[in-house]
Amino acid sequence: MEAEAGITGIRRRLQEAGQEQLLRFWEDLEPAGREALLGELRQLDPRELREHCLWAQLAYKQESSAPQRPDHSMSPVPPAFLGSVSRSQQGELCAWEEEGFHQISQNKVAVLLLAGGQGTRLGVSYPKGMYSVGLPSGKTLYQIQAERILRVQQLAKDKYSTKCTVPWYIMTSEFTLYPTQKFFEENNFFGLERSDVIMFEQRMIPAVGFDGKAVLERKDKLAMAPDGNGGLYRALTDNQVLQDMERRGIAYIHVYCVDNILVKMADPVFIGFCVSKGADCGAKVVEKAYPSEPVGVVCQVDGIYQVVEYSEISQETAEKRNPDGSLVYSTGNICNHFFTLEFLKTVATTLEPLLGYHIAIKKVPYVSKEGIQLKPSRPNAIKMEKFVFDVFQFAKKFVAFEVLREDEFSPLKNADSANKDTRTTARRAILWQHYRWIRKAGGRLIDVNGCQVVANYGFSETEDPPAVCEISPLVSYFGEGLGSYVKNKAFSSPFVLDPEKAKELLV
Ligand code: UTP
């Protein structure tokens, strides 16, 4: 009855937006279906919907024509604004780390996880953070990240003898909020204070067909998708997240993606580097592995910082080299950012509308004109997304910080049938790292055949390490302090160094 009453106004609004096809199956719907559909349609502003659909179609047409290349306006990040783990003196790195720990000890640092993605390439039905890559402990990405927060808090506490809290803000979407909340509840927030884990939801926007019409996923439901990881800035405002940060006295925020198994949560070195340079916005980068590697490059275009996608750069520019042989455009973006709270406030309250949408052409389940629900075998719709890094252009002082890929970046993107960024490559990345840490700390490893490991190589994406060792983040955040447990001792593969084992080893 209520639905009947509301339909006239909604129909008129959809006509204004040129989207009345969304009511195509109205007559077929039961009352519950009508209510559900009306509920969704009421949320849509006709003018915004009209613009959104027109924009999507236009962007799609433009993208199908020849790409615009920014090559001639590009310049690399100037050396004065580019820090590097491998090219800095040990003393400098220690000073940055000290600065980072100092800020953490003052409770001024938060981490913010972007976890609203649908993870379609990985192809699981639950949020990516709940995925386990098959480590001996069976830990999921969420658990690994939670334990790194616990450890970095502990390290700051040990240094400064004060209670330290690094709040964890988690941006979810309609797809990931409920299962993520449930998972954290079931796991008792992995030992974190539940009040310091703050989940919030980003907006969803309609997927648009190539004909410029919003798509129906079912007769009573629009096909909606999260508005991209750059939806962060609207979500911060929608959910009063910045006020929460302000109330806690947060000044610096470390933003990262859910899928990087090696992420250094609240990385004191990176935080300290950005704070020491007086930056309001920063990006961690890794050196590109090869010129055509499909990662975005952090650089300037017409003097403005941005990430240029690999597909936008010509081969000639991608292959340009410095006199020392290194690539000119080598700063690969890894979605790992530093922002001051002041910067986020300015973006969220004033500049966000200036961020453009990027389009992604995806396979979106839909109902045919005949009312049959279909799963397309080819991409059939346009999803519009904002990107988190598009705010670099607004920075007063932007810096980039290059870290070692084998230590800090291994994303889980694809199903295992792919040859990169899979559960296997992510698992190997972490096992190789822990293997290196044990070797460096003076531990000896015995392989599964009972032979002592002598090989000293340090990383391979295509092979497992010669001995499997997993170190709990609760024992070591980034390889520190392991000598007291493992020096001059031998361990058989697989070896798991968790807090209980660590206690035993000290006796
Ligand atoms: P990806 O670009 O890898 O997208 O996201 P995805 O949705 O996880 O995976 P595919 O493309 O469907 O396979 C990079 C990061 O941005 C987050 C993701 O959760 C991931 O941490 N993200 C992405 C959001 O938070 N919101 C979005 O709308 C999109």
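Counting starts at 1 for both ligands and their atoms, in listed order.
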Near ligand 1, at a heavy-atom separation below 4.0 Å: residues by chain and residue number: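 Contacts of ligand 1 under 4.0 Å: Leu114, Ala115, Gly116, Gly117, Gln118, Gly119, Thr120, Arg121, Lys128, Met171, Gln202, Pro226, Gly228, Asn229, Cys257, Val258, Asp259, Lys362, Lys413.
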Face-on cation placement of Lys264 at Phe478 ring, 6.0 Å and 45° thresholds: yes
Row check, Tyr357 ring normal vs Lys386 NZ/CZ: under 6.0 Å, within 45°: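 Yes, Lys386 lies over the aromatic ring of Tyr357.
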Asn333 side, atom CG; Lys288 side, atom NZ - distance, nearest 0.5 Å: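 Nearest 0.5 Å value for the CG-NZ distance: 11.5 Å.
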Any donor-acceptor N or O pair under 3.5 Å, side chains Lys362, Gln118: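 No.
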Lys/Arg-Asp/Glu bridge criterion (N-O < 4.0 Å) met for Arg151, Glu480: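 Looking at Glu480 together with Arg151, the answer is yes, because their closest N to O distance falls below 4.0 Å.
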Pair Trp168-Phe184, ring pair (Phe, Tyr, Trp, His ring centres under 6.0 Å): steps then yes or no: CA-CA 12 Å; Trp168 191 8; Phe184 273 69; 5.4 Å; yes
